[in-house]
Amino acid sequence: MATWLYRLGLGAYRRRRLVLAAWLAVLAGAVCALVVVGGKLDNEFTIPGSESQRAQDTMAEDFPAAAGTSAQLVFTAPEGRKVSDPQAAQGIQRTLAAAQDAPQVAAVIPPDRAGTVTPDGRTALAQVNYDVSRSALDDGTLDALEDTTRAAEEAGLEVSVGGQAYGNGVLTPSVLELLGVVVALAVLALTFGSLLAAGMPLLTAFVGIGTGLAALLAVSSGVTVSSTALSLALMLGLAVGIDYALFVLSRHRTQLAQGMDPRESAGRAVGTAGSAVVFAGTTVIIALVGLMVVRIPFLTVMGLSAAATVLIAVLVAVTLLPALFGVAGARLAPRPGSRAARRAEVTTGGTEDAQESRTSVMGRRWARLVTRRPLLVVLATVAALVTVAVPAAELRLALPDNGSAAHGTSQRETYDTVADAFGPGFNGPLLVLAEADTPGQAGQRQAAAVAGRLQQLPGVVKVGQPQYAPESGRAVIQVVPEGGPQDESTQDLVAAIRDDAATIEGETGAAVSVTGTTAIGIDVSDRLSASLLPFAAVVVGLCLVLLLLVFRSLVVPVKATVGFLLSVAASFGAVVAVFQWGWLADALDVARTGPVVSFLPIVLMAVLFGLAMDYEVFLVSSMREEWVRTGRARDAVVDGAGHASRVVTAAALIMFFVFASFVTTEDAIVKPIAFSLAFGVLVDAFVVRMTLVPAVLAMVGRGAWWLPRGLDRLLPDLDIEGARLHDGPHKEPVRPLTEIKAGTG
């Protein structure tokens with residue numbers, strides 16, 4: 001791999017104009033496709049094969065208005081007045097008449113017909129049904145509905161509009177979210193000591209992000225793409241795009257400082273650091289593509305979208321970046337006498353002064369500290385991570401609803417008003433599809449019997465009159481639970497109806513199934529929960545196999561896998577503490593505490609797995625290089641950590657600040673995902689990789705690099721460290737730095 005990438009880097013350097021033109025053409029093509037084709041994001045959650053989805057699809061045949069999305073109009077009279085007062089009643093009637101004529105409205109159910117007027121007469125709830133899904137609503141449809149409230153407001157009523165038709169919108173990066181890019185630039189400038197070098201990873205990352213997002217939005221015209229998929233692709237593309245370029249650029253500048261020819265250095269950087277980038281990117285891509293096994297369409301698209309963005313970041317790092325090296329030439333070399341040049345001397349360890357100055361490197365100091373008492377460090381680190389992970393035992397999963405929307409939004413105000421006035425169950429009613437064995441009047445009697453039977457179940461507040469289709473014998477019955485859409489009592493009620501379905505059919509003659517937005521959300525969460533352990537097993541197994549191939553060691557893969565599991569568990573614990581228990585919820589502007597978004601654990605495991613492998617490869621490969629060169633196990637750990645710590649630290653900080661900047665969003669899905677990724681990167685990089693890994697390897701000593709001979713002969717040699725580049729025919733004479741700066745490279 002290293003030899004092939006070396007040639008790729010040299011080719012990109014030599015044909016830099018062609019490579020730059022090709023990438024500009026790809027970017028322009030993606031943007032043109034977006035402009036021509038356009039696209040629309042779809043935030044609907046579907047789960048093919050589930051009972052709720054089958055019932056939803058069947059219900060759409062006879063009851064399109066019930067199968068589509070819906071909105072709520074909540075009318076509240078001032079203190080001392082009632083909605084039944086003549087003026088208020090007339091205002092409500094005019095508003096509902098205007099709503100019936102609003103775009104795409106299939107039916108309006110007034111409060112008197114639905115029986116949704118509070119006992120004190122101050123609040124009334126009307127429902128507006130659409131015969132299309134939320135994603136199929138035209139632009140301006142909900143705005144038109146909101147305009148219909150004017151008549152009721154003129155009558156002195158307070159009106160709020162919300163319901164299932166309102167959901168998470170498209171994430172629009174704000175100033176706070178773009179702050180992550182500014183911090184990344186500052187970290188890069190401190191790392192390289194050069195604005196030219198610092199700007200290069202940002203430039204390549206923006207090219208990758210622009211290409212990936214434009215293509216994704218263009219594809220969304222024919223494929224269901226959610227705003228969360230777009231947000232995850234943006235976060236990951238920005239983070240890994242900067243980090244991958246950082247790794248390759250750092251190696252290139254170190255080699256330039258050592259006097260290597262810029263062209264040769266570009267090839268070597270892509271062949272060595274680029275090999276690690278390809279491996280790390282491949283692990284992220286495989287983990288994200290693995291989301292397909294869950295068999296939920298929106299999660300599959302999310303994984304494929306993010307994987308495509310990571311793939312583009314890898315291609316940019318090994319082709320566009322060396323082409324930019326060719327444009328910059330020797331100008332990327334650190335100035336003689338600068339801190340960057342002195343660090344390069346320390347890395348090579350060529351002079352006695354450089355050898356003595358090794359102890360001044362912060363990374364090496366830290367490595368010496370954690371390897372001095374390795375057993376104590378291992379025990380303390382594991383104990384701390386396990387403590388942080390303790391809340392994860394109470395992890396609850398659910399899809400977000402309007403109760404998680406930002407305070408002050410129309411849908412959140414409506415949700416809170418309905419919950420306070422009528423009860424939380426009115427925000428997430430269940431729909432029961434009853435299919436009678438006989439159409440006509442006999443089927444209608446069976447549907448009425450089903451409604452009466454449902455009313456007897458514990459946890460049911462209200463059962464609506466069945467909507468009956470005499471031709472098919474099907475009926476839709478609305479069931480209002482005691483709890484809200486995310487409450488355990490609602491999940492229990494869905495399970496109770498399904499468990500009781502055979503009995504109900506035996507008593508009434510009608511088959512029943514539960515559907516609706518709330519039931520579909522419960523089914524999605526259940527399938528994700530059931531898929532978590534198998535997916536974790538796949539990821540853990542993949543981790544063991546890949547690291548066994550890369551490092552040809554038994555200890556390193558096991559240690560890396562255990563460290564990854566500790567990082568994930570600690571991240572789960574932090575998410576539960578913040579988003580379920582409410583710790584720091586006000587500081588992070590969490591709109592509502594409660595169950596965690598149901599696909600967060602799988603997404604976190606997939607993404608964090610790849611990022612953890614990034615740091616593992618760059619850190620441990622540096623240690624392995626020292627071990628192969630010197631044969632001294634403990635010194636190899638310290639020196640290797642000293643070589644890699646600065647780049648790994650910078651990469652982790654960039655990742656952390658990019659993810660943390662997205663925590664400021666009000667999106668109820670993106671916020672916990674961004675928080676979990678930011679916390680996970682921080683823990684994995686600094687606690688696991690920079691602390692636990694050196695301590696374990698120092699404690700094991702020479703055994704860390706042991707592999708049975710039979711297995712050693714069986715495994716292919718990937719040469720991810722690029723050892724063949726140092727011994728093969730690619731080696732060119734090293735030119736003095738002054739000569740390089742005088743020439744063009």
Side-chain angles (χ1 to χ4, degrees), residues 1-23 26 200-201 204 207-208 211 240-241 243-256 260-286 289 307-308 310-327 542 545-552 610 613-614 616-618 620-622 624-625 628 644 647 712-733 745:
M1 181 193 296
T3 303
W4 185 84
L5 287 173
Y6 167 85
R7 292 170 181 163
L8 179 65
L10 281 183
Y13 186 99
R14 289 168 179 159
R15 297 172 176 82
R16 43 190 172 271
R17 291 186 178 87
L18 177 61
V19 174
L20 291 173
W23 273 107
V26 170
M200 200 166 285
T204 56
V207 171
T211 302
V240 302
D243 272 11
Y244 291 167
L246 165 65
F247 291 137
V248 178
L249 178 58
S250 177
R251 178 63 69 97
H252 180 56
R253 277 173 53 86
T254 298
Q255 293 169 167
L256 290 179
M260 189 177 291
D261 179 79
R263 186 181 65 180
E264 174 68 11
S265 177
R268 293 282 186 95
V270 175
T272 53
S275 295
V277 164
V278 170
F279 170 79
T282 301
T283 60
V284 181
I285 292 169
I286 291 174
V289 172
V310 174
L311 176 61
I312 293 173
V314 172
L315 295 175
V316 165
V318 298
T319 57
L320 178 59
L321 191 60
L324 293 176
F325 291 168
V327 174
L542 183 64
V545 172
L546 290 177
L547 291 178
L548 181 64
L549 290 173
V550 171
F551 294 112
R552 310 183 74 79
M613 294 306 101
D614 282 3
E616 182 76 15
V617 168
F618 281 96
V620 179
S621 62
S622 181
R624 180 175 170 81
E625 284 184 40
V628 172
V647 176
D712 186 36
R713 288 192 298 268
L714 182 64
L715 295 177
D717 187 1
L718 299 181
D719 187 32
I720 200 167
E721 298 96 347
R724 296 194 188 99
L725 296 180
H726 299 285
D727 303 326
H730 316 285
K731 192 170 182 179
E732 295 186 8

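Nearest heavy-atom pair, S622 versus A644, reported as atom, atom and distance to 0.1 Å: CB-CB, 3.9 Å. Considering every non-hydrogen atom in both A273 and V248, the closest pair reads CB-CA, 3.9 Å. When every heavy atom of T272 is checked against every heavy atom of R251, the shortest pair comes out as OG1-NH1, 3.0 Å. The nearest pair of heavy atoms linking V310 to G281 is CG1-O, 3.9 Å. In terms of heavy atoms, V647 sits closest to L246 at O-CD2, 3.9 Å. Residues P322 and A317 approach most closely at CD-O, 3.6 Å, considering heavy atoms.
For the atom pair CG of L249 and CE of M200, the computed distance is 6.5 Å after rounding to the nearest 0.5 Å. To the nearest 0.5 Å, atoms OG (S275) and CH2 (W4) are separated by 10.0 Å. One finds the CZ atom of R268 at 10.5 Å from the CG atom of D261 (value rounded to the nearest 0.5 Å). The CG atom of L320 sits 6.5 Å away from atom OG1 of T204, with the distance rounded to the nearest 0.5 Å.
Both tests pass for R16 against the ring of Y13: distance under 6.0 Å to the centre and angle within 45° of the axis.
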List the steps, then state whether side-chain hydrogen bond (donor to acceptor under 3.5 Å, both in side chains) holds for W23 with T319.
CA-CA 9 Å; W23 273 107; T319 57; 3.0 Å; yes
side-chain contact (heavy atoms from CB on, under 4.5 Å) evaluation trace for L20 with L324
CA-CA 8 Å; L20 291 173; L324 293 176; 3.7 Å; yes
Between E264 and Y6, is the side-chain contact (heavy atoms from CB on, under 4.5 Å) condition met? List the steps.
CA-CA 9 Å; E264 174 68 11; Y6 167 85; 2.7 Å; yes
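With hydrogens and angles disregarded, a donor-acceptor distance shorter than 3.5 Å links the side chain of T283 to the backbone of A280. Side-chain atoms of Q255 come within 3.5 Å of backbone N or O of S265 as a donor-acceptor pair.
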